[in-house]
Amino acid sequence: MKITVLLSGGLDSSTCLALAVSRYGAENVSALCIHYGQKHEKELKSAAAVAEYYGVKLTTLNLADIFAGSNCSLMKGSTESIDHRSYAEQLSEKGGSGTVSTYVPFRNGIMLSAAAGIAQIHGSSEVWYGAHRDDAAGRAYPDCSEEFVKHMGNAIFEGTGGEIRLYAPFIDKNKADIVKTGLELKVPYELTWSCYEGGEKPCGTCGTCIDRSNAFRLNNATDPLLAK
């Protein structure tokens, strides 16, 4: 069976790629990296580095024009600044539920649709996606929820004539669980990038930096990007 992994270059998707390679071998796995106009373009270089490390073919797709009108704080042309608080703190302002400022309108749905088409062209049977429970909490990122994955999976299956299935191996896991799996698989986390600011070093205070740091701490491990 051949697998296409949606690879951002971040912790979750890189662990997802490592898991796919461990199960099916690099020769049966390919990766898709998408540029969408994000401020942290540095993650694209990380995706290339991770794909090269595992010896998998990487396809890069530019979808920036689709999101050009978004003023989401994650976008390069946005007038908004990245929020330097945990997702829990951000959600508390919304009564515990609601999208955070770094939610890009239906980004993951659009990316998965593109991934399904590319997977079908490449002869893959499954698209793998690193969504997890923490990102879905409080509907911070609604396109990471189990409900979304279920319905998106049905749409992909039907829309490809039953040829492609969507698989999210971490959908019922949290980020600490993902790091635990990644450490067992010896994922080269030093090659990955998560910080939304995209500087020389992780800022350590944006929502994804906080989640990443906590995930390593809960595994009694140190994030190699913070150890430099």
Side-chain angles (χ1 to χ4, degrees), residues 6 8-16 34 36-40 43 63 66-115 127-156 166-182 193-198 202-219 223:
L6 192 56
S8 70
L11 184 151
D12 309 321
S13 65
S14 296
T15 308
C16 196
I34 297 179
Y36 58 92
Q38 64 268 51
K39 288 178 178 175
H40 57 309
E43 68 174 2
L63 298 180
I66 294 177
F67 302 101
S70 172
N71 198 39
C72 163
S73 64
L74 201 60
M75 308 305 289
K76 188 178 292 185
S78 175
T79 60
E80 302 295 324
S81 299
I82 298 293
D83 197 327
H84 288 266
R85 295 177 297 166
S86 70
Y87 292 135
E89 289 176 298
Q90 294 178 50
L91 288 171
S92 68
E93 289 186 348
K94 301 174 178 290
S97 179
T99 58
V100 293
S101 66
T102 45
Y103 164 74
V104 182
F106 203 61
R107 181 194 66 179
N108 294 342
I110 293 168
M111 287 183 172
L112 289 170
S113 296
V127 169
W128 283 34
Y129 168 48
H132 59 87
R133 194 171 63 204
D134 286 348
D135 278 350
R139 297 184 67 78
Y141 297 102
D143 50 1
C144 288
S145 69
E146 288 192 58
E147 185 176 15
F148 168 79
V149 170
K150 174 185 174 182
H151 291 300
M152 195 71 197
N154 288 338
I156 287 172
L166 176 60
Y167 180 52
F170 308 131
I171 195 63
D172 61 344
K173 310 294 184 183
N174 60 30
K175 209 172 192 77
D177 294 327
I178 296 175
V179 169
K180 181 177 185 295
T181 297
W193 186 262
S194 301
C195 179
Y196 289 147
E197 291 289 4
C203 72
T205 56
C206 67
T208 190
C209 273
I210 292 170
D211 274 8
R212 176 171 171 144
S213 179
N214 286 338
F216 276 97
R217 178 180 55 80
L218 290 170
N219 281 282
D223 182 348

Residue pair Gly204 / Cys209: nearest heavy atoms and the distance that separates them: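 Scanning both residues, the minimum pair turns out to be N-SG, 3.4 Å.
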Exercise: do [X] and [Y] side chains pair donor with acceptor under 3.5 Å:
X      : Y      : answer
Asn71  : Ser78  : yes
His132 : Asn174 : no
Thr102 : Asp83  : no
Glu89  : Ser86  : yes

Are any of the side-chain nitrogens in Glu93 or Arg85 under 4.0 Å away from the carboxylate oxygens of its partner?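 Salt bridge flag = yes for Arg85 with Glu93.
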Rounded at 0.5 Å granularity, tell me how far [atom1] in [X] sits from [atom2] in [Y].
X      : Y      : atom1 : atom2 : result
Ser70  : Glu80  : OG    : CD    : 10.0 Å
Ser81  : Tyr196 : OG    : OH    : 15.5 Å
Phe67  : Ile34  : CZ    : CD1   : 8.0 Å
Ser194 : Asp223 : OG    : CG    : 7.5 Å
Lys173 : Thr15  : NZ    : OG1   : 13.5 Å
Asp211 : Cys206 : CG    : SG    : 9.0 Å

Would you mind listing every ring-ring contact (aromatic ring centres under 6.0 Å, His included) that reaches into residues 69-101, with sequence neighbours excluded?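 Residue pairs with at least one partner in residues 69-101: Tyr87-Tyr141.
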Under the salt bridge (charged side-chain N to carboxylate O under 4.0 Å, His left out) test, which residues partner [X], sequence neighbours left out?
X      : value
Arg107 : none
Asp134 : none
Lys76  : Glu41
Lys180 : Glu184

With a 4.5 Å heavy-atom cut-off, do [X] and [Y] have their side chains touching?
X      : Y      : answer
Arg212 : Lys175 : yes
Met75  : Lys39  : no
Leu74  : Tyr103 : no
Leu6   : Trp128 : no
Thr99  : Arg139 : no
Asp177 : Thr181 : no
Phe148 : Ile171 : no
Pro169 : Cys16  : yes

Knowing that exactly one of Ile82, Thr208, Thr205 qualifies, which makes a side-chain contact (heavy atoms from CB on, under 4.5 Å) with Glu197?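 It is Ile82, the one option of Ile82, Thr208, Thr205 that forms the side-chain contact (heavy atoms from CB on, under 4.5 Å) with Glu197.
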Applying side-chain contact (heavy atoms from CB on, under 4.5 Å), run through Asp12 and Tyr129 and close with a yes or a no. CA-CA 9 Å; Asp12 309 321; Tyr129 168 48; over 6 Å; no
Report the residues that fulfil ring pair (Phe, Tyr, Trp, His ring centres under 6.0 Å) with Phe106, sequence neighbours left out, ordered by chain and then residue number.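 Once residues adjacent in sequence are excluded, Phe106 has no partner under the ring pair (Phe, Tyr, Trp, His ring centres under 6.0 Å) criterion.
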